[in-house]
K.L.:
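Before anything else, here's the structure in question.
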2 protein chains.
Amino acid sequence: VVEVKELTKEYYLGKTLIHALQGIDLKIQEGEFLAIAGPSGSGKTTLLNLIGCIDLPTLGSIKIDNTDIGDLSSDQLAELRAAKIGFIFQSFNLIPVLSAFENVEYPLLRRKIKKNERKERVMNALKNVGLETFAKHRPDELSGGQRQRVAIARALVTEPKIILADEPTANLDHQTGTAVLEVMRGINEGQGTIFIFSTHDPKVMSLANRIVQLMDGKIVP
Amino acid sequence: VVEVKELTKEYYLGKTLIHALQGIDLKIQEGEFLAIAGPSGSGKTTLLNLIGCIDLPTLGSIKIDNTDIGDLSSDQLAELRAAKIGFIFQSFNLIPVLSAFENVEYPLLRRKIKKNERKERVMNALKNVGLETFAKHRPDELSGGQRQRVAIARALVTEPKIILADEPTANLDHQTGTAVLEVMRGINEGQGTIFIFSTHDPKVMSLANRIVQLMDGKIVP
Ligand SMILES: Nc1ncnc2c1ncn2[C@@H]1O[C@H](COP(=O)(O)OP(=O)(O)OP(=O)(O)O)[C@@H](O)[C@H]1O
Ligand SMILES: Nc1ncnc2c1ncn2[C@@H]1O[C@H](COP(=O)(O)OP(=O)(O)OP(=O)(O)O)[C@@H](O)[C@H]1O
Ligand SMILES: [Mg+2]
Ligand SMILES: [Mg+2]
């Protein structure tokens, strides 16, 4: 479903060249529950942002369902992203003026879904992350881990083919994190949804059916 | 050094009353390396924000070095905070337009410290968190864990009496997190600096010399 070849990402900082990713090759099949592990600064977020089509590579190619995303216009890329990919950002990226309910409902507004059905799907997603009684809270009226769980519910609600989760359990205690991971595992096994985690949480790695190690922008064989 | 009595924090959300903290009593002595543990939403950040004088309680009192902070004007409170407290926020709160170096240097600008000495203290703090080669990066040119470490360096550089650290290792891999905690432990043992952590990281709890459990806004005896 996802095929990455020779993927490279470089940044210039003044005159210094930063090699964030150096020639990554990776194939991801349907049903994978994949953990990308590696130390802070090793390139996990950079890799997820490229596979998630929210950043452009310096070199190399990414194919999703056999479509090379390099051949797409930015409109087509946005369309592919909205239809197939759910993204849980490392910094949550919730919309501050919207409630938890409205943040989770937001990606459903693009689709022709009736209001009742939207409400049912949003409340079900919030229930899956243990926040059904916090639907009216805005992000600044939630704890750090509660905001993170709203970001998870938002990625699950559109039932995408691929979910990219960047450190989704970083702000969650053991019990809450385990409960949320079990929900994700259920979706993965029930619907074949691909989950690609960036993580250093041992709980995530123990649930993964494949672990890829990143070090200084390269995959460690 | 820190004495908390009957500390209570309530929020109104529409007509609903949220009890974030309910009658907390806590005494913290010099040299303590204290972990406040508890599930997501239990009130850890709320408690740290009150002890850190960046939020006001609904009820109850907080004394720092025998001064009841309720008796202080907002200027005096800001003065106390700048002089005695270092704060590592759960969401880092770095200034986006400043480099890592400038973010760490910022709290030193209030004091009469010569530029050379400021530079030495900032580079030493960045070295302590493993980021001396990233001094020129802005926050958006850093990884999540690198931003978190800049926030840690910024709290350490003023050598405060009390450091409040809200989930300081959430975005760090095991090795990086352990290295940063060892630096903090060294400062705690060398200078008697009080560290109060909000955490659910077992590594932090294993280094703590005291653990307080929070559940639904109350201390679990
Ligand atoms: N815009 C940028 N400009 C310059 N360097 C950057 C930029 N974005 C990221 N980097 C650098 O690229 C490297 C990889 O960053 P990335 O965020 O992918 O790491 P990560 O594995 O997600 O780390 P963490 O676990 O700390 O979140 C880091 O060293 C970072 O400093
Ligand atoms: N401004 C606010 N308005 C309403 N409720 C709030 C507000 N701020 C926090 N809360 C609620 O107070 C409770 C305690 O929040 P707090 O941030 O202290 O928890 P926490 O222990 O730090 O959680 P986490 O581990 O997820 O960071 C939460 O249930 C949260 O929803
Ligand atoms: Mg990252
Ligand atoms: Mg918190």
Side-chain angles (χ1 to χ4, degrees), chain A residues 11-16 18 20 37-46 48-49 89-92 94 99-100 129-131 133-149 166-167 169-177 179-180 198-203 205 213-215, chain B residues 11-16 18 20 37-46 48-49 89-92 94 99-100 129-131 133-149 166-167 169-177 179-180 198-203 205 213-215:
Chain A
Y11 296 106
Y12 273 97
L13 205 66
K15 289 193 196 93
T16 324
I18 310 262
S40 173
S42 55
K44 301 181 297 294
T45 294
T46 303
L48 253 66
N49 288 353
F89 295 89
Q90 190 165 5
S91 51
F92 319 157
L94 298 177
S99 70
V129 296
L131 289 180
T133 57
F134 291 86
K136 288 189 183 148
H137 288 235
R138 283 196 323 264
D140 63 343
E141 296 166 338
L142 291 169
S143 77
Q146 289 170 340
R147 287 194 290 269
Q148 187 162 37
R149 284 182 276 160
D166 201 342
E167 310 269 10
T169 56
N171 283 277
L172 303 179
D173 60 276
H174 188 81
Q175 200 176 348
T176 309
V180 168
S198 146
T199 189
H200 45 77
D201 180 341
K203 288 193 299 295
M205 290 201 253
Q213 292 280 351
L214 266 191
M215 193 68 144
Chain B
Y11 295 108
Y12 272 97
L13 205 67
K15 291 194 196 93
T16 324
I18 310 260
S40 174
S42 55
K44 303 181 294 297
T45 294
T46 304
L48 254 65
N49 288 353
F89 295 90
Q90 190 165 5
S91 52
F92 319 158
L94 298 178
S99 70
V129 296
L131 289 179
T133 58
F134 291 86
K136 287 188 183 149
H137 287 235
R138 284 195 323 266
D140 63 344
E141 296 166 340
L142 291 169
S143 78
Q146 289 170 341
R147 288 194 288 271
Q148 186 161 40
R149 285 182 277 161
D166 200 342
E167 310 269 9
T169 56
N171 283 275
L172 302 179
D173 58 6
H174 188 80
Q175 200 175 348
T176 309
V180 168
S198 146
T199 189
H200 45 77
D201 180 343
K203 291 194 293 299
M205 292 201 253
Q213 293 279 353
L214 265 190
M215 192 70 147

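Every chain is numbered from 1 and lettered A, B, ... according to where its sequence line falls, protein lines coming before strand lines.
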K.L.:
Please name all residues satisfying ring pair (Phe, Tyr, Trp, His ring centres under 6.0 Å) with A:Phe134, sequence neighbours left out, ordered by chain then number.
P.N.:
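Expected list: A:His137.
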
K.L.:
Sort by residue number and list every member of residues 139-148 of chain A having a non-hydrogen atom under 4.5 Å from chain B.
P.N.:
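Under the 4.5 Å heavy-atom cut-off, A:Glu141, A:Ser143, A:Gly144, A:Gly145, A:Gln146 qualify.
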
K.L.:
Is A:Arg149 in contact with chain B via its backbone, its side chain, both, or neither, using a 4.5 Å heavy-atom distance?
P.N.:
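Side chain only.
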
K.L.:
When you look at CE of A:Met215, are more than 12 heavy atoms from neighbouring residues, nucleotides or ligands closer to it than 6.0 Å?
P.N.:
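Not buried by this count: 12 neighbours or fewer within 6.0 Å.
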
K.L.:
Against chain A, work out which of B:Ala37, B:Gly41, B:Ser91, B:Gly14 has the most heavy-atom pairs shorter than 4.5 Å and name it.
P.N.:
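So the answer, after comparing B:Ala37, B:Gly41, B:Ser91, B:Gly14, is B:Gly41.
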
K.L.:
A:Ala170, A:Ser42, A:Gly177, A:Gly130: which one forms the most heavy-atom pairs within less than 4.5 Å of chain B?
P.N.:
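Among A:Ala170, A:Ser42, A:Gly177, A:Gly130, the one with the most close pairs to chain B is A:Ala170.
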
K.L.:
Could you check which of A:Leu172, A:Thr199, A:Asp201 has the highest count of heavy-atom pairs closer than 4.5 Å to chain B?
P.N.:
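Most heavy-atom pairs under 4.5 Å with chain B: A:Leu172.
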
K.L.:
Taking all non-hydrogen atoms of both residues into account, name the closest pair between B:Ser40 and A:Asp173 and its distance.
P.N.:
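Of all heavy-atom pairs spanning B:Ser40 and A:Asp173, the closest is N-OD1, 2.7 Å.
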
K.L.:
Give a yes or no on whether the backbone of B:His174 and the side-chain of A:His200 come within a donor-acceptor separation of less than 3.5 Å.
P.N.:
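Absent.
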
K.L.:
Which region of A:Thr176, side chain (C-beta onward) or backbone (N, CA, C, O), has a non-hydrogen atom less than 4.5 Å from a non-hydrogen atom of chain B, or is it both or neither?
P.N.:
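Side chain only.
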
